[in-house]
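The structure appears below as structure tokens.
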Amino acid sequence: MMLMSGDALQAMAMAGERLSVLDGHPALLVDLDVGMTDTMHPAVLPWLRQLGCPVIGVGTAQAALSEAVDVRVGTVAEATRLAQGIAATPLAALVLVQVLRQIETLDLPAALFAESLAYSTLQAGPEHRRWLASRPASAPPPAVDSGPAVVLEADDAGCTLWLNRPSHRNAMSVEMRDALLTELERLLADPARPAVRIAGRGRCFSTGGELSEFGTAPDPATAHLVRSVALPGRRLAQMADRVTVMVHGACIGSGIEFPAFAGRVEARRDAWFQLPERAMGLIPGAGGCVSISRRIGRQHTAWWVLSGQRINAATALEWGLVDALIPQRI
């Protein structure tokens, strides 16, 4: 894949060239250290925002173009690895950067609506169908944990919501989603406005969506409707100023998308984070395109989803994904 200079990129933009996944261009690589200028033609940045493929900037120069690319990396080798992942699921990669480009200017409800529609589109797409077909049909064993999926404990300082399915690594199943929604709505309606802590029991906070439930929605339109009215992150955002989420161990997919809506996120030092959706032919769909990008920025979010890499608690703190590291056990 060719590395374009800033000058060459400007010439392409002025010529009105169209680059897209449909034309066999899964990604565009731009050299940020060659031909960069803050006086580029004003048509270049709008052209980039409508480009039909992710734009990867390579280098360290700080200029308008550096801020306009979808993701920045330091070396050609890093860009090549990223481009290889993009080429494996070009539709999901494109939809991801398109959503991230748009939601920067949208309020929270509109941004969540846009994410959900995009996620629904990909649910019906060939990349996600291929991922579903690659997995043997299975159901998780019955939970052996006593009590409901979410347990509320009140104390003098407020209350704690415990994710209570450690035998399933607190996966965000339909049961867990509905239990979270019920408890959050109850707390929203409480006139006392108690301080709220959210934590997970067992070895980790949450491994995200229950994989055996992927593909079980009757259709993408109905799945979008459910997300529109029953997304726990939406309720958490409404009370974010009084919520602290304490995470530990694995925080995968919605297991970090949901906490990122809180006003404060504290991570134990053993916490690690991953957004694996791109490899499934999807994008984060539990609100993460919104909650995470508003914590760490569009470019960090794009890199993280496109790469599928794990990040540790120290990196999460550096990026602003979490607000503090806590050494004590939850």
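One N or O on the side chain of Arg278 and one on the backbone of Gly85 form a donor-acceptor pair closer than 3.5 Å. In terms of modelled atom types and a separation under 3.5 Å, the side chain of Glu127 and the main chain of Leu282 share no donor-acceptor contact. Without hydrogens or angle criteria, Gln299 side chain to Ser66 main chain gives a donor-acceptor distance under 3.5 Å. Between the Glu257 side chain and the Ala286 main chain, a donor and an acceptor come within less than 3.5 Å of each other. Within the 3.5 Å criterion, the main-chain N or O of Gln10 finds no donor-acceptor partner in the side chain of Trp47. The backbone N or O of Val305 lies less than 3.5 Å from no partner atom in the side chain of Glu277, so there is not a single donor-acceptor pair. Counting only distance, with no hydrogens or angles, the side chain of Ser116 and the backbone of Phe113 share no donor-acceptor pair below 3.5 Å. Asp70 places no side-chain N or O within 3.5 Å of a backbone atom of Pro54 that could act as its donor or acceptor partner. Distance alone, capped at 3.5 Å, places no donor-acceptor pair between the Asp241 side chain and the Gly263 backbone. Asp270 places no side-chain N or O within donor-acceptor distance of the main-chain N or O of His248, the cut-off being under 3.5 Å.
With 3.5 Å as the limit, one finds no donor-acceptor pair spanning the side chains of Ser254 and Arg177. With 3.5 Å as the limit, one finds a donor-acceptor pair spanning the side chains of Glu78 and Thr75.
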Determine, stepwise, if the pair Val55 / Leu9 fulfils side chain to side chain contact (heavy atoms under 4.5 Å, CB included).
CA-CA 11 Å; Val55 182; Leu9 187 72; 5.8 Å; no

Kindly indicate, with the supporting measurements, whether the criterion side chain to side chain contact (heavy atoms under 4.5 Å, CB included) is fulfilled by Leu321 and Val265.
CA-CA 8 Å; Leu321 182 65; Val265 180; over 6 Å; no

Going through the checks in order, is the side chain to side chain contact (heavy atoms under 4.5 Å, CB included) test met by Met280 and Phe214?
CA-CA 10 Å; Met280 304 175 185; Phe214 278 55; 3.9 Å; yes

Please evaluate residues Leu100 and Cys289 with respect to the criterion side chain to side chain contact (heavy atoms under 4.5 Å, CB included), reporting the C-alpha separation (whole Å), side-chain torsions for both, the decisive distance (0.1 Å), and the verdict.
CA-CA 7 Å; Leu100 292 175; Cys289 290; 4.3 Å; yes

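Using a 4.0 Å cut-off between charged side-chain N and carboxylate O, Asp155 and Arg197 make a salt bridge. Here Glu210 does not pair with Arg169 in a salt bridge; the nearest charged N to carboxylate O distance is not below 4.0 Å. Residues Glu104 and Arg49 are paired through a salt bridge, judged by an N-O separation under 4.0 Å between the basic side chain and the carboxylate. Residues Arg201 and Glu153 are paired through a salt bridge, judged by an N-O separation under 4.0 Å between the basic side chain and the carboxylate.
Taking both residues in full, the closest heavy atoms of Val76 and Leu3 are given as CG2-CD2, 3.9 Å, listed atom of the first, atom of the second, then distance. Residue Arg165 comes nearest to Pro148 through the heavy atom pair NH1-O, 3.3 Å, listed as atom of the first residue, atom of the second, then distance. Summarising the geometry of Tyr119 relative to Gly285, their closest heavy-atom pair is CD1-CA, 3.4 Å, with the distance given to 0.1 Å. Residues Val174 and Glu213 share a closest heavy-atom pair of N-OE1, 3.0 Å. Across all their heavy atoms, Ala118 and Ile283 have their closest contact at CB-CD1, 3.9 Å. Nearest heavy-atom pair, Leu96 versus Pro284, reported as atom, atom and distance to 0.1 Å: CD1-CD, 4.2 Å.
For the pair Met176/Val150, a side-chain contact is recorded, criterion being any heavy-atom separation below 4.5 Å from C-beta on. Counting only heavy atoms from C-beta outward, the side chains of Ile292 and Ile296 approach each other to under 4.5 Å. Ile56 has its side chain out of reach of Leu306: every pair of non-hydrogen atoms, C-beta onward, lies at least 4.5 Å apart. The shortest side-chain heavy-atom distance between Leu187 and Leu152 falls under the 4.5 Å cut-off. With contacts defined as side-chain heavy-atom distances shorter than 4.5 Å, the pair Thr89/Trp131 does not qualify. A 4.5 Å side-chain heavy-atom check between His25 and Leu51 finds every atom pair outside the cut-off. Between Thr207 and His168, the closest side-chain pair of non-hydrogen atoms is not below 4.5 Å. Within the 4.5 Å cutoff, the side chain of Ser120 has heavy atoms near those of the Arg227 side chain.
Residues Val69 and Met14 do not share a hydrophobic cluster, defined by chaining ILVMFWY side chains whose heavy atoms lie under 4.5 Å apart. Residues Ile252 and Leu275 do not share a hydrophobic cluster, clusters being chains of Ile/Leu/Val/Met/Phe/Trp/Tyr side chains in contact below 4.5 Å. In this structure, Leu211 is a member of the same hydrophobic cluster as Met172, with clusters built from ILVMFWY side-chain heavy atoms closer than 4.5 Å. Under a hydrophobic-cluster definition in which Ile, Leu, Val, Met, Phe, Trp and Tyr are linked whenever side-chain heavy atoms come within less than 4.5 Å, directly or via other members, Phe258 and Val226 are assigned to different clusters.
The environment of Arg203 atom CZ is sparse: at most 12 non-hydrogen atoms of other residues, nucleotides or ligands sit within 6.0 angstrom. Annotation: Arg235, atom CZ; neighbour count of heavy atoms from other residues, nucleotides and ligands within 6.0 Å is above 12.
For an aromatic pair to be called close, the ring centres must be under 6.0 Å apart, and Trp303 with His300 fails this.
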